Every structure is written in C-alpha cells, then in structure tokens.
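Here is the structure we will look at.
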Amino acid sequence: MLKVEKLVVRYGAVMAVRELSLEVGQGELVALLGPNGAGKSSTINALTGLVTPASGRVVLDSKDISHVRTEDRIRAGLTSTPEGRHIFANLSVGENLRLGAATRRDPAGVRQDIERFLSLFPVLSERYGQAAGTLSGGEQQMLAIARSLMSRPKLLLLDEPSLGLAPKIVARIFDFIGELKAQGLTLLVVEQNARQALRFADRVYVLSSGTLRYDGPPARLADEHGLFNLYIGG
Ligand SMILES: Nc1ncnc2c1ncn2[C@@H]1O[C@H](COP(=O)(O)OP(=O)(O)OP(=O)(O)O)[C@@H](O)[C@H]1O
Ligand SMILES: [Mg+2]
C-alpha cells in the first residue's frame, strides 16, 4: 500500500533521515522504532507532506504522491495523528471531530462516523460539548486518533501515541490500535514504547541517527544481539 524509496530529510546541515526505504502492506501494522532524534517524526511528516524531503519517493497505492499536497494525501487515504496530539484545546470535542472530516463532502456520513466514535469512546460522548483542552492526556489521545479516523484513512500514521501517558492508559490505547488493525486498517506506528508497539506489529523498522538498523519480524529483533537494548531499551 505504501512504498517509501530512499527518503532523505534535511534541516539545513542536519541530516535527519538518510535514504530510508520502507514498505507497509495492505492490512499490516508496521512499527517504526528508535531513540530520540532518530528521524521517526521527520519520516512521518515527510509522508504526510508537512516536511518536504530533500529527495526520495513516496508511493501510495502505486501512485507517486511525493509532490502531492497534504490535504490531497488525506483525500487519497493517508492521515497521521502527529506527535503531541495537537488537538484544538479551545474547541469542543465535537468541533475537533468535525475538523478531522474537513476533506469530506458527505455530511451524513460524517454525522454517522461521529456517532460511531462517540459510542466507541463513551467518555468523548460525555465531554462532547466541552473544550478538548480540559480532557485528560489519555482522553486527548483518544480524541486525536478518533479525529484522524474521521477522514476515513486507508493508512493511518501514528506518531508516539503513548507519549506522556500512564502505563495503564498506554495499554488501553494499544488495545484500541489492535482493534483498528483487526477491522482492516493499515497502520504505521512510531513508538518509543517498543514493548507495546511490538504487541501487534507484523514487521518492525528500527531507525538510529536517520539510518535504518533493522528491518524484520518483531521476534527476530529480540534475538539480534543487543539491538533491542541498544536502540530501544527496556
Ligand atoms: N524543524 C527542525 N529543524 C531542525 N532540526 C530538526 C527539526 N526537526 C527535527 N530536527 C532534527 O532532526 C533530527 C530527527 O528529529 P525527529 O524529530 O525526526 O526525531 P524523532 O525520532 O521523532 O525523535 P523523538 O523520539 O524525540 O520524537 C533530530 O536531530 C532533530 O533535532
Ligand atoms: Mg518524534
């Protein structure tokens, strides 16, 4: 479904991503792991078009989208939930959800999807009219993911969904990510919490200093003498 070829991201003299190639197949959950500063967010932002790569190609469903605008990538089925959630704190839960559907032209379908997420996350229903900034961290992450899903993506990119959340909440978020996968959504998940990410991952890429260090099944990663500890830890 997604093919990334020799992606290079630079910020001035900083080489954040060095000729990274990766693939995500239909229905797969692929984990992108690595320490702070590895280039994970730069990769995600290059895929959504928020960052312009120095070189390389991004191919979605056999179509080169390297030069396509972010909103047209969303229309093509590629959406991300960025690191740090970025919900609109002063807008209500409902307004945040509706903004996630900004690229859609089917108001009835949008209303239906909002209903679906409210029944899926009862807490969002209880807080529907409340400013999103008043939600707890875990609730905000649920809202951020639900808002991304409002665009009806085929491929969802999640950048550190567990960031700053308590272990119990993290487990719940990953349970939900597992459910999304079971429903057929294709996912690329960036995480520092490798243990959680590997619960549902079909394949793993490990990045360090912008360079790919590992590409393979989760099981083998644990065997790669020390790679797990060296680049991921814990
Ligand atoms: N806008 C920017 N301008 C300059 N340098 C940047 C910018 N964004 C990221 N970098 C640098 O690029 C490198 C990769 O950053 P990136 O945010 O992609 O890493 P990351 O793997 O997502 O890290 P983290 O786990 O901390 O989120 C880092 O050295 C970072 O300092
Ligand atoms: Mg990051």
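Whatever order the structure lists them in is the order used to number ligands and atoms, beginning at 1. Bear in mind that the values here come from a model prediction, so they are computed numbers and not experimental data.
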Next item on the list: Can you pull out the closest protein heavy atom to atom 17 (O) of ligand 1? Residue, atom name and distance to 0.1 Å, please.
Entry: S41 CB, 3.7 Å
Checklist line | Heavy-atom gap G39 to ligand 1 smaller than 4.0 Å | finding: yes
Note to self: Quick check on contacts: which atoms of ligand 1 are under 4.0 angstrom from a heavy atom of A16?
What the structure shows: 12 (O), 13 (C), 14 (C)
Check: Quick one: are T43 and V9 in side-chain contact, heavy atoms under 4.5 Å?
Finding: no
Next item on the list: Using distance alone, determine whether A38 and ligand 1 share an N or O pair under 3.5 Å.
Entry: yes
Check: Side chain of K40, backbone of L32: donor and acceptor closer than 3.5 Å?
Finding: no
Check: If you take all heavy atoms of F121 and A146, which pair is closest and at what distance?
Finding: CE1-CB, 4.0 Å
Note to self: Tell me whether R75 is salt-bridged to E71, with the criterion being a basic N under 4.0 Å from an acidic carboxylate O.
What the structure shows: yes
Next item on the list: Number the atoms of ligand 1 from 1 as they appear, then name those within less than 4.0 Å of a heavy atom of E160, with their elements.
Entry: 24 (P), 25 (O), 27 (O)
Check: Among protein heavy atoms, which lies nearest atom 27 (O) of ligand 1, and at what distance?
Finding: E83 OE1, 3.1 Å
Checklist line | Shortest heavy-atom approach to atom 25 (O) of ligand 1 - which of E191, K40, R10 | finding: K40
Margin query: Please check: side-chain N/O of T70 versus main-chain N/O of T48, any donor-acceptor pairing under 3.5 Å?
Written below: yes
Item checked: Identified side chain to side chain contact (heavy atoms under 4.5 Å, CB included) counterpart of L2 within the set D61, V59, V58 -> V58
Check: Is atom 31 (O) of ligand 1 in close reach of the protein, with a heavy atom under 4.0 Å away?
Finding: no
Item checked: Identity and distance of the protein heavy atom lying nearest atom 6 (C) of ligand 1 -> Y11 CD1, 3.2 Å
Note to self: Just to confirm my output: which protein heavy-atom neighbour is closest to atom 23 (O) of ligand 1, and how far is it?
What the structure shows: G37 N, 2.8 Å
Check: Nearest to the Mg ion (ligand 2), which N, O or S atom of E83 do we find?
Finding: OE1
Next item on the list: Could you confirm whether N36 has any N/O/S atom lying under 2.8 Å from the Mg ion (ligand 2)?
Entry: no
Checklist line | Shortest heavy-atom approach to atom 26 (O) of ligand 1 - which of L33, N36, I44, V51 | finding: N36
Next item on the list: Would you mind listing which atoms of ligand 1 come within a distance below 4.0 Å of any non-hydrogen atom of S42?
Entry: 14 (C), 15 (O), 16 (P), 18 (O)
Margin query: So does P161 get a backbone contact from the side chain of Q141, meaning a donor-acceptor N/O pair under 3.5 Å?
Written below: yes
Checklist line | Polar side-chain atom of S148 near backbone of A144 as donor-acceptor pair, under 3.5 Å | finding: yes
Notebook entry, point to check: Judged by atom type as modelled, is there a donor-acceptor pair below 3.5 Å linking the side chain of D113 to the main-chain atoms of M150?
Noted result: no
